[in-house]
Structure formats: C-alpha cells, structure tokens
Amino acid sequence: MIGTASESNHDFVRSLGGEPVTYGEGLAERVRGLAPEGVDAAFDTIGGETTKVSANLLAPEGRLISIADPEVVDYGGRYHFVRPDAGDLLHLTELAEQGAISVHVERTYPLEQAAEAHRHSQKGRTRGKLVVTVDWDQPPSGLL
C-alpha cells in the first residue's frame, strides 16, 4: 500500500503498513518510483486533478474509486457517495470492538465546540477522525 501524506505523517503511514509518499508537485513520479508497473487500485478522497493523476497511475486492469469526484467515471472509475446506514454502522462498531479494525481519532470536541471542529476539518490537515461528543444529561444552552 502506498499512502500520500505530508512528511510529518510518514511515520503514521508506515505504522498502518503503508509506504509513504509526499503529496504535491511530483507525486506521480514518486508513486511510479515505488510501482513502476502501476498501482492495482487507487482510492481518491480529493477529486479534481487528483482523480486524473490517480487514473494515470493505474496498472492494466487497475481500479479507481472516488468518494470526492463523480467525474471519476470519465476515467473508467467508480464514484461512491457515502451515506450512513444503520446496519453497516452496527457492523463496523462490532468490528472495532473485536479489534478487527481501528479508527484513529485525532481530537474530540464537545458539541458546544462543533464550529471549531468544522474549522479544524476545513484545514484539510487532520490525521484520523474528529469526533463531536454530546452529553445527553447536559443539553447545551440555547439548543432547546
């Protein structure tokens, strides 16, 4: 697995079992250096030019999926819009509880700081998930 990340996140990518490459100018050449025959699959979470670059890095019979850009179909890929599904979420919860999968949480915010969590997310530099918690015993003021 090859994972694109900033230099500061390379050790994190390695801890997940991946080979890190720095994103940005020259990304395609760095990936080709690791996979000269092309990659078997590419998962696009950015869209736009990244989708096109990902398509050009595929090996013959390689697969491309995007959750960010429906134009991925123009490159022979598939677009999947992610929607929460109660059954799927329950299954993922069970897998996490069994230790079969893990979720890296970068930071947790109380509901009152949801706007701050959103601003943090918009920076595009999170490593893992941001979680907003709700204290059901203490509803935030102004929401009821």
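The closest side-chain heavy-atom distance from D44 to D69 is below 4.5 Å. L111 is not listed as a side-chain neighbour of D135, based on a closest heavy-atom distance of 4.5 Å or more. Side-chain contact between L92 and I101: present, with at least one pair of heavy atoms (C-beta onward) separated by less than 4.5 Å.
Note on residues 2-27: pairs passing side-chain hydrogen bond (donor to acceptor under 3.5 Å, both in side chains), not counting sequence neighbours, are S6-S8, S6-N9, E7-T22, N9-R127, H10-T22, D11-R14, Y23-R125. Each ring pair (Phe, Tyr, Trp, His ring centres under 6.0 Å) pair with one or both residues in residues 55-101, not counting sequence neighbours, would appear here, but there are none.
Applying the side chain to side chain donor-acceptor pair (under 3.5 Å) criterion to R83, with sequence neighbours excluded, gives no partner residue. Residues that satisfy the side chain to side chain donor-acceptor pair (under 3.5 Å) test with E116, not counting sequence neighbours, are R119. Partners of R63 under the side chain to side chain contact (heavy atoms under 4.5 Å, CB included) rule, at least two apart in sequence or in another chain, do not exist in this structure. For L58, the side chain to side chain contact (heavy atoms under 4.5 Å, CB included) partners are V39, A42, L64, not counting sequence neighbours. With sequence neighbours left out, the salt bridge (charged side-chain N to carboxylate O under 4.0 Å, His left out) criterion links E71 to no other residue. Among residues two or more places apart in sequence or in another chain, the ring pair (Phe, Tyr, Trp, His ring centres under 6.0 Å) test is passed with H104 by F12. Judged as a salt bridge (charged side-chain N to carboxylate O under 4.0 Å, His left out), and not counting sequence neighbours, D88 has no contacts. Not counting sequence neighbours, E37 has no partner by the side chain to side chain contact (heavy atoms under 4.5 Å, CB included) test. The side chain to side chain contact (heavy atoms under 4.5 Å, CB included) test applied to H118 returns Q122, not counting sequence neighbours.
Contact detail for V105 and T108: the closest heavy-atom pair is CG1-OG1, 3.8 Å. T51 approaches S66 most closely through the heavy-atom pair OG1-OG, 4.4 Å. When all heavy atoms of V132 and A117 are compared, the pair lying nearest together is CG2-CB, 4.1 Å. Between A59 and D40, the closest heavy-atom pair is CB-OD1, 4.4 Å. When all heavy atoms of A35 and I2 are compared, the pair lying nearest together is CB-CD1, 4.2 Å. Residues T126 and S121 share a closest heavy-atom pair of CG2-CA, 4.3 Å.
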Exercise for the section: Might you work through the side-chain contact (heavy atoms from CB on, under 4.5 Å) test for R107 and K129, ending with a clear yes or no? Expected result: CA-CA 7 Å; R107 188 165 171 194; K129 298 298 178 187; over 6 Å; no

Practice task
Let me see the working for Y109 and L130 under side-chain contact (heavy atoms from CB on, under 4.5 Å), right down to the final yes or no.
Solution key: CA-CA 8 Å; Y109 295 86; L130 302 178; 4.2 Å; yes

Practice task
For V73 and R78, run side-chain contact (heavy atoms from CB on, under 4.5 Å): C-alpha distance rounded to whole Å, both residues' side-chain angles, the deciding distance at 0.1 Å, then the answer.
Solution key: CA-CA 5 Å; V73 298; R78 290 186 166 185; 5.9 Å; no

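Residue N56 places its CG atom among more than 12 non-hydrogen atoms of other residues, nucleotides or ligands, all under 6.0 Å distant.
If you take CD on E49 and CG on L27, they are separated by 10.5 Å, rounding to the nearest 0.5 Å.
By the criterion of side-chain heavy atoms lying less than 4.5 angstrom apart, applied directly or through intervening Ile, Leu, Val, Met, Phe, Trp or Tyr residues, I46 is not grouped with V72; the two fall into different hydrophobic clusters. Each of L16 and V13 belongs to its own hydrophobic cluster when Ile, Leu, Val, Met, Phe, Trp and Tyr are linked at side-chain heavy-atom distances under 4.5 angstrom.
Residue L90 belongs to no hydrophobic cluster, having no ILVMFWY side-chain heavy atom closer than 4.5 Å to its own.
Checked by atom type and distance alone, the side chain of S54 pairs as donor or acceptor with a backbone atom of T50 at under 3.5 Å.
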